[in-house]
There are 2 protein chains.
Amino acid sequence: MNGADILQAHIAKMVALTPEQHAAIFDRFTPLSLKKGQSLIHEGDRVDSEYFVLEGCLKSYFVNDEAKMFILQFAMPTWWASDYQALYSGQRATITVDCITNAEVLKLSNADREALCAAIPAVAHFFRWRTNRGYVALQKRLLSFMNNDVKIRYEELLQQYPELYNLVPKQLIAAYLGVSRETLSRLYHP
Amino acid sequence: MNGADILQAHIAKMVALTPEQHAAIFDRFTPLSLKKGQSLIHEGDRVDSEYFVLEGCLKSYFVNDEAKMFILQFAMPTWWASDYQALYSGQRATITVDCITNAEVLKLSNADREALCAAIPAVAHFFRWRTNRGYVALQKRLLSFMNNDVKIRYEELLQQYPELYNLVPKQLIAAYLGVSRETLSRLYHP
DNA sequence: GTGATTGTGTGACCTGGGTCACATTCGGGG
DNA sequence: CCCCGAATGTGACCCAGGTCACACAATCAC
């Protein structure tokens with residue numbers, strides 16, 4: 001399946017659009033091919049776009065002053081990634097987005113998104129829905145953080161995204177779970 | 001300032017609307033007066049509305065199987081509250097929303113929100129923006145959770161919402177910070 | 001007022017997870 | 001095929017924060 005089809009299928013799950021509309025939408029996106037390790041957004045950048053993942057896996061993360069990394073999101077195919085704080089507010093990026101594997105993404109600028117939302121109400125609806133879902137998912141993650149210990153959070157994560165297990169280094173999974181790599185390692189090597 | 005004015009000012013901060021449109025919007029909301037302790041959404045309920053706070057303070061929280069409470073949000077005036085997971089998915093509520101103090105709120109049903117969004121594109125824009133803000137704020141909270149210890153999180157919270165200090169019991173603040181009340185108490189009584 | 005909640009301080013003790021240090025294994029480039 | 005850096009396992013030790021238990025307010029109902 002090519003990029004246009006993947007994007008179309010993704011949007012069509014939520015709102016009904018004509019082929020012409022899908023074409024008009026796709027037209028606003030810029031395809032990018034990325035190599036493992038390449039970064040899309042770097043701390044301090046101006047951010048004017050978000051990215052829709054077609055293939056591969058990205059991570060978005062924050063690095064604190066002790067150089068410790070905290071992963072906000074692993075972005076798998078059909079997920080979106082950006083520094084939304086920076087994108088929406090115009091401030092400089094505080095988080096970094098880069099590639100865990102080679103990846104294919106579609107880039108959409110803030111301006112193009114807004115143009116699409118203004119032109120096609122169903123697209124505005126789609127993006128509203130998308131952020132709603134993201135919000136709810138984030139709330140769930142926060143609750144799990146407060147409620148459960150590492151082991152349970154790890155198992156939840158693997159249950160939801162089994163691919164991650166052999167796709168990303170355990171260190172990164174630890175950084176997502178908010179624990180040290182040693183602790184994660186000890187979970188199953190007591 | 002009455003409810004209509006508060007709501008209007010809140011929306012006008014983000015999108016420009018005519019007085020007629022503001023009136024049409026307000027028309028969809030139902031004012032409710034609530035007593036301290038009264039609950040708007042209870043675990044297991046069907047949820048078909050969200051609430052805009054005019055006055056007072058609500059909390060939304062999850063209670064785990066050991067009866068431990070985790071507060072997702074203190075909803076102060078001009079904040080919105082609901083069980084969004086339940087509201088958007090149609091599933092039954094897993095979280096509870098109730099009043100920490102007497103409160104005045106405006107109730108808006110899912111159906112009315114969607115009707116407004118469909119009728120007035122700027123309203124769709126407003127709600128998209130609102131959730132975007134919420135998403136970013138939640139990300140920030142999650143990061144702070146992974147990054148900082150209780151003391152720092154507590155100070156961040158008080159700096160952002162100084163009113164909370166004498167408005168809500170320390171127990172609840174502890175439940176928001178994700179620590180025991182004893183730990184919170186010991187922070188400043190060593 | 002008085003008795004019953006509901007909130008808060010505090011001591012004693014326990015434990016999940018952090019940190020540091022070092023050994024081991026693995027994957028890919030030359 | 002061999003070497004190097006990245007990723008992982010593991011031991012020793014430490015500490016923030018949890019739990020339990022009990023003492024004191026403060027607030028409310030009547």
Side-chain angles (χ1 to χ4, degrees), chain A residues 35-39 56-57 59 61-71 74 98-102 142-158 163-190, chain B residues 35-39 57 59 61-71 74 96 98-102 142-158 163-190:
Chain A
K35 294 267 170 246
K36 175 174 175 173
Q38 204 172 336
S39 90
C57 183
K59 63 181 190 290
Y61 58 98
F62 171 78
V63 179
N64 74 5
D65 21 313
E66 291 108 40
K68 220 164 131 176
M69 174 193 297
F70 300 94
I71 294 185
F74 293 114
D98 62 23
C99 296
I100 295 181
T101 66
N102 291 347
L142 183 65
L143 273 182
S144 179
F145 225 94
M146 298 202 277
N147 204 357
N148 305 129
D149 65 14
V150 206
K151 184 158 186 176
I152 294 179
R153 300 207 303 280
Y154 185 41
E155 282 162 1
E156 274 179 6
L157 178 68
L158 288 184
E163 324 85 277
L164 287 179
Y165 187 79
N166 357 262
L167 187 62
V168 320
K170 303 278 169 291
Q171 307 198 47
L172 296 185
I173 294 186
Y176 178 91
L177 296 174
V179 295
S180 68
R181 57 167 201 83
E182 291 95 329
T183 297
L184 186 63
S185 164
R186 278 189 251 269
L187 283 184
Y188 293 96
H189 306 269
Chain B
K35 294 266 169 247
K36 175 175 175 172
Q38 203 173 336
S39 88
C57 182
K59 64 181 190 288
Y61 59 97
F62 171 76
V63 179
N64 75 6
D65 21 313
E66 291 107 40
K68 222 164 130 176
M69 175 193 296
F70 301 92
I71 295 184
F74 293 114
T96 299
D98 63 23
C99 298
I100 295 181
T101 66
N102 292 346
L142 182 65
L143 273 182
S144 179
F145 225 95
M146 298 201 275
N147 205 357
N148 305 128
D149 65 15
V150 206
K151 185 159 186 177
I152 294 180
R153 300 207 303 279
Y154 186 41
E155 282 162 2
E156 274 179 6
L157 178 68
L158 288 184
E163 324 85 277
L164 287 179
Y165 187 80
N166 357 262
L167 188 62
V168 320
K170 303 280 167 292
Q171 309 199 47
L172 296 184
I173 294 187
Y176 178 91
L177 296 174
V179 296
S180 68
R181 58 166 202 83
E182 291 94 329
T183 296
L184 185 64
S185 164
R186 278 188 250 270
L187 283 184
Y188 294 96
H189 303 270

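In what follows, chains carry the letters A, B, and so on, assigned in the order in which the sequence lines appear, proteins first and then strands, with residues in each chain numbered from 1. Heavy atoms only: backbone and side chains are in, while hydrogens, waters and symmetry mates are out.
- To the nearest 0.5 Å, the span separating SG on A:Cys57 from CG on A:Asp98 amounts to 10.0 Å.
- No side-chain donor-acceptor contact under 3.5 Å links B:Asn148 to the backbone of B:Lys151.
- If you take CZ of B:Phe145 and C1' of D:dG17, they are 12 Å apart, rounded to a whole angstrom.
- Remark: C1' of D:dG17 and CG of B:Leu187 are 10 Å apart, rounded to the nearest angstrom.
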Pull out every protein N or O sitting under 3.5 Å from an N or O of nucleotides 22-30 of chain D, one pair per line with the distance.
none

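- Looking at which nucleotide of DNA chain C each of A:Lys68 and B:Gln171 is closest to, the 5′-most match is held by B:Gln171.
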N/O donor to acceptor pairs below 3.5 angstrom from side-chain atoms of residues 163-175 of chain B, sequence neighbours left out:
| from | atom 1 | to | atom 2 | distance (Å) |
| --- | --- | --- | --- | --- |
| B:Lys170 | NZ | B:Tyr165 | O | 2.9 |

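- Each end of the helix from C:dG1-D:dC30 to C:dG30-D:dC1 gets its own rotation axis from five pairs of C1' atoms, and the angle between them is 50° to the nearest 10 degrees.
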Distance-only check: which donor-acceptor pairs under 3.5 Å involve side-chain atoms of residues 178-190 of chain A, not counting sequence neighbours?
| from | atom 1 | to | atom 2 | distance (Å) |
| --- | --- | --- | --- | --- |
| A:Ser180 | OG | A:Thr183 | N | 3.2 |
| A:Ser180 | OG | A:Thr183 | OG1 | 3.0 |
| A:Tyr188 | OH | A:Glu155 | OE2 | 2.5 |

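- With sequence neighbours excluded, the residues satisfying side-chain contact (heavy atoms from CB on, under 4.5 Å) with B:Asn64 are A:Asn147, B:Phe62, B:Glu66, B:Lys68, B:Phe70.
- The side chain of A:His189 lies closest to D:dT10, out of D:dT8, D:dG18, D:dT10.
- The structure places OG1 of A:Thr101 at 8.5 Å from NZ of A:Lys36, a figure rounded to the nearest 0.5 Å.
- Of all heavy-atom pairs spanning A:Phe145 and A:Leu177, the tightest one is CZ-O, 3.4 Å.
- The separation between A:Leu184 atom CG and D:dT8 atom P is 9 Å, rounded to whole Å.
- Nearest-nucleotide assignment on DNA chain D puts the 5′-proximal partner with A:Arg186, out of B:Gly178 and A:Arg186.
- For DNA chain C, the contact window with chain A, defined by any atom under 4.0 Å from a protein heavy atom, covers C:dG17 to C:dA21 in 5' to 3' order.
- Between the P atom of D:dA7 and the CD atom of A:Glu182 lies a distance of 14 Å, rounded to the nearest Å.
- Proximity of B:Thr183 to the phosphate of D:dG18: a side-chain N or O atom is located under 4.0 Å from OP1 or OP2.
- For the atom pair A:Gln38 CD and A:Ile100 CD1, the distance stands at 14.5 Å (nearest 0.5 Å).
- Using a 4.5 Å heavy-atom cutoff, the side chains of B:Tyr176 and B:Lys59 are not in contact.
- As rounded to whole Å, 14 Å separates atom P of D:dG18 from atom CD of B:Glu66.
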